[in-house]
**Q** 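The structure that follows is given in the form of structure tokens.
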Amino acid sequence: MTPALLGNLSVSLALAFSLLGLALALLAYFQGDGRFLRGARTLVPLAFLGALAAFLALEWALLTHDFSLAYVARNHSTKDPLWVTLVTPWAALEGSLLLWGLLQTLYTLLASKKALDPWRASLVLAVLYGIQVFFFGVMATIASPFEILASPPQDGVGPNPLLQNHWMMAVHPVLMYLGFVGLSVPYAYAVAAMAVRRYQTWVEETRWWTLVAWGFLTAGKVAGMWWSYEVLGWGGYWAWDPVENASFVPWLLATAFLHTALVQQTRGGFKAWNFAFVTLAFAATVLGTFLTRSGVLQSVHAFAEGPVGPAFLGFFLLATGLGLGLLSRVSREVRDAAAFRPFSREGALLLGAFFFAGWALVVVLGTFYPLLVEAFAGAKVSVGAPFFNQLSAPLGAGILLLMGVGPLLPWRRAREEALRNLYLLLGVLVLGTLLGLLRGYTPGASLALGLFLYNLAAVLLLAREGVLGRVRAGLSPWGFLENRRRVGSLVVHFAVALMGLAIAFSQTYRLESEKTLYRGEAWEVAGLRLTFQGVRALDEGRRFAVEALLKTDRFGEVRPRLHFYPQMNAPLPAPKVVYTPGNDYYFLLMDFDREKGEWASVRLILTPLVFWMWVAGGLMVLGTLYSLWPAGRPKEVKGVSPA
């Protein structure tokens, strides 16, 4: 059996099992017959095996250089190293859809193991099966990874050089898709809850799924920022590119949901907001995938004329319409019965969620405005980084301000102790900002320093409260660490504040200098002395590389490179980055003497605190993992209530 035959057969089977599972799940809901539900659950692993077989068939075709497949011919070359070959399945549209389908069946398999009442279980499966039907249906019709060429070439061109220029290609896309697909489970739970009018328990039941998806999205975004920083050669990590924006919106909306969900779990409020945020977060993942993979970013007309664009648009509208349509039907039933005080924990959480949602709206408007103008007026306009930065800075500052005080406020209304803590935090904020101004920092950087110290103080106060509460109860203070949700959230909040500080300083105090050096010439710049020792050429098979040999007085020899790929007219930079806690030293080879190698143009970019961005990203992921980690059995203490 050829890879093409196995792949097409496997996609067809996955689609057939998903269709049959969808029908059985709907019958189970409308007929109330448990046999239909058992049948739908039986088909879940079969659909997963079909998707897995299709994915392995594509890998098989790539590893055996089967250029009879159009996907292999367009995205693979016999010169590709093994790791590039293994990650090529998600290097283009059709393979990315296959990866999404595989991960979707995996999440459906895991979700089907959770115990729910028959009506909600059947609807959760129906929604997840419906998503599978869409993706496998697209692969079986208009975007097949196993399309066969009538005249296969002897070799292919390989994937886009940007996708094979760094090993992060093996990590970042998979993390993003795990986050995107993971949001389908909370969406399915929300649809089921609204359909059967069970408005409370679904939030607690989906907390684990939402945190998993949020953790993957966070890891994926940080990995993508680092990949951009290491590869693109511009010395930055975020450009407000439409592809970046498309994946940022689901993260913002999922973050908003995690905060309002806490209010519903604790106080029973904000039910309508939770349904809305979950629906929009999942819909945004579909929109983000569509923007990334359909070609709409290059031209609105490509979106209208291409085979995938209309299908994704229809699915986006269907997913959004289903969730918001059900919400409108039950809106009176989920409306908050009692008013809440703004100066309370629930007030701070809702306001914070509004900040996240408002930020998402700003990103969506800024991303789509040029496309809409081109579609309706035929003019080309651009919305650049200044627009996003001017609106994102106050939104980010507002989030950091609420993040510190919100967890310290009690439910319902503020008490005297909370007011004392608030005055203390505001004092830290003012002193930290003044400290920055006295050190000569800009007002923005000074405020970022003040907000970081303010949030650090809030984390310490919350940890102190938890420890003292256990001491007063006669328990070990170290037992505070067993409260995984609270400790994990403290770690994440600290990491977000640290990242805010690093972003503010790296954007404000970046220095850049460039010089053409001749062999043996020294250059003193930014407290660093470097000497150009020549260039070296390397033939690496799939590409040709040229590296500059630079001897520094602090870091030894550094070798920034230029990579030349056959399918590209211009070289790709491969900078050498030296990370330090204070500043990053970013060395770039810009040009060189192609005849004798006697000179080279070198650029040095000095950026403060970028190192701490990656530390903060790691802490956010670790805090999420700690929150998700199963807690041990609570120890019984005589005379102490478990509550």
**Q** Quick one: are the ring centres of F248 and W238 less than 6.0 Å apart?
**A** yes
**Q** Has T206 got a side-chain atom pairing as donor or acceptor with W209's backbone, closer than 3.5 angstrom?
**A** no
**Q** So does A40 get a backbone contact from the side chain of Y129, meaning a donor-acceptor N/O pair under 3.5 Å?
**A** yes
**Q** What distance do D241 atom CG and F388 atom CZ have between them, rounded to the nearest 0.5 Å?
**A** 9.5 Å
**Q** Between R510 (side chain) and T607 (backbone), is there a donor-acceptor pair under 3.5 Å?
**A** no
**Q** When you compare the side chains of T624 and W214, does any donor N or O come within less than 3.5 Å of an acceptor on the partner?
**A** no
**Q** Per the salt bridge (charged side-chain N to carboxylate O under 4.0 Å, His left out) rule, what does the pair list look like for residues 204-226, sequence neighbours excluded?
**A** R120-E205, E204-R485
**Q** Dump the intermediate steps for side chain to side chain contact (heavy atoms under 4.5 Å, CB included) on H259 and F356, then the final yes or no.
**A** CA-CA 10 Å; H259 288 82; F356 283 113; 4.2 Å; yes
**Q** Strictly distance-based, threshold 3.5 Å: is any side-chain N or O of H166 a donor or acceptor partner for the main-chain N or O of V231?
**A** no
**Q** Can you tell if the side chain of W614 reaches within under 4.5 Å of the side chain of Y237, non-hydrogen atoms only?
**A** yes
**Q** Identify the heavy atoms of A463 and L490 that sit nearest to each other, and give their distance.
**A** N-CD1, 4.2 Å
**Q** Evaluate ring pair (Phe, Tyr, Trp, His ring centres under 6.0 Å) for W167 paired with W226, printing each intermediate quantity in order.
**A** CA-CA 11 Å; W167 59 267; W226 188 59; 5.6 Å; yes
**Q** Determine whether a donor-acceptor pair (N or O, by modelled atom type, separation under 3.5 Å) exists between the side chain of Q132 and the backbone of V127.
**A** no
**Q** Within the distance-only criterion (no hydrogens, no angle test), does the side chain of W90 pair as donor or acceptor with the backbone N or O of M169 below 3.5 angstrom?
**A** yes
**Q** Take Y441 and F505 through the test ring pair (Phe, Tyr, Trp, His ring centres under 6.0 Å) and record every step on the way to the result.
**A** CA-CA 9 Å; Y441 298 151; F505 273 75; 5.0 Å; yes
**Q** So does L400 get a backbone contact from the side chain of N455, meaning a donor-acceptor N/O pair under 3.5 Å?
**A** yes
**Q** Measuring from M194:CE to R329:CZ, what's the distance to the nearest 0.5 Å?
**A** 9.0 Å
**Q** Measuring only between side-chain heavy atoms, which start at C-beta, is R486 closer than 4.5 Å to L462?
**A** yes
**Q** Atom OG in S476, atom CD in E482: separation rounded to 0.5 Å?
**A** 8.0 Å
**Q** Could you give the distance from OG (S489) to CG (N483), rounded to the nearest 0.5 Å?
**A** 8.0 Å
**Q** Less than 4.5 Å apart, any side-chain heavy atom of L116 and any of Y189?
**A** yes
**Q** Side chains of S184 and Q104 only: does a donor on one sit below 3.5 Å from an acceptor on the other?
**A** yes
**Q** Side chains of W359 and S392 only: does a donor on one sit below 3.5 Å from an acceptor on the other?
**A** yes
**Q** With a 4.5 Å cut-off on side-chain heavy atoms, are L349 and F354 touching?
**A** no
**Q** Is any side-chain heavy atom of R41 closer than 4.5 Å to one of L37?
**A** yes
**Q** Out of the candidates F134, Y177, Y107, only one should pair with W100 under the ring pair (Phe, Tyr, Trp, His ring centres under 6.0 Å) rule; please name it.
**A** Y177
**Q** Would a 4.5 Å heavy-atom cut-off, applied to side chains only, mark F611 and N583 as touching?
**A** no
**Q** Tell me whether Y579 contacts the main-chain N or O of V610 through its side chain, where contact means a donor paired with an acceptor under 3.5 Å.
**A** no
**Q** What are the two closest heavy atoms between A448 and A504, and how far apart are they?
**A** CB-CB, 3.4 Å
**Q** Give, for atom CG of L429 and atom CG of L434, the distance between the pair rounded to the nearest 0.5 Å.
**A** 9.5 Å
**Q** Spell out, as yes or no, whether a donor-acceptor pair under 3.5 Å connects the side chain of D584 to the backbone of Y586.
**A** no
**Q** What is the minimum heavy-atom distance between P186 and L183, and which atoms define it?
**A** CD-O, 3.4 Å
**Q** Side-chain donor-acceptor pair under 3.5 Å between N245 and T367, yes or no?
**A** yes
**Q** Hey, what do you get for OH (Y187) to CZ (F257), rounding to the nearest 0.5 Å?
**A** 14.0 Å
**Q** Does W119 CH2 have over 12 foreign heavy atoms under 6.0 Å away?
**A** no
**Q** I would like to know whether V222 and M613 meet side chain to side chain contact (heavy atoms under 4.5 Å, CB included); could you show each step before the answer?
**A** CA-CA 8 Å; V222 174; M613 287 186 56; over 6 Å; no
**Q** Take E465 and L408, measure what side chain to side chain contact (heavy atoms under 4.5 Å, CB included) needs, and give me the verdict at the end.
**A** CA-CA 9 Å; E465 280 187 3; L408 285 165; 3.9 Å; yes
**Q** Can you give me the closest heavy-atom contact between V362 and L395, atom names plus distance?
**A** CG2-CD1, 4.2 Å
**Q** Is there a donor-acceptor contact under 3.5 Å linking the side chains of N274 and W202?
**A** no
**Q** Quick check on R332: does its CZ atom have over 12 non-hydrogen neighbours (other residues, nucleotides or ligands) under 6.0 Å away?
**A** no
**Q** Should N389 and W240 count as side-chain neighbours, where that means a heavy-atom distance under 4.5 Å?
**A** yes
**Q** I want to check something: taking the side chain as every heavy atom from C-beta on, are W227 and V171 in contact at a cut-off of under 4.5 Å?
**A** no
**Q** Are the side chain of Y229 and the backbone N or O of G235 linked by a donor-acceptor pair below 3.5 Å?
**A** no
**Q** Could you give me the CA-CA distance, side-chain angles and deciding distance for L449 and L501, then say whether side chain to side chain contact (heavy atoms under 4.5 Å, CB included) is met?
**A** CA-CA 6 Å; L449 176 61; L501 178 69; 4.3 Å; yes
**Q** Between P443 and L437, which heavy-atom pair has the shortest distance, and what is it?
**A** CA-CD2, 4.1 Å
**Q** For a quick test of reading the model, state the closest non-hydrogen atom pair linking A192 to V124 and the distance between them.
**A** CB-CG2, 3.8 Å
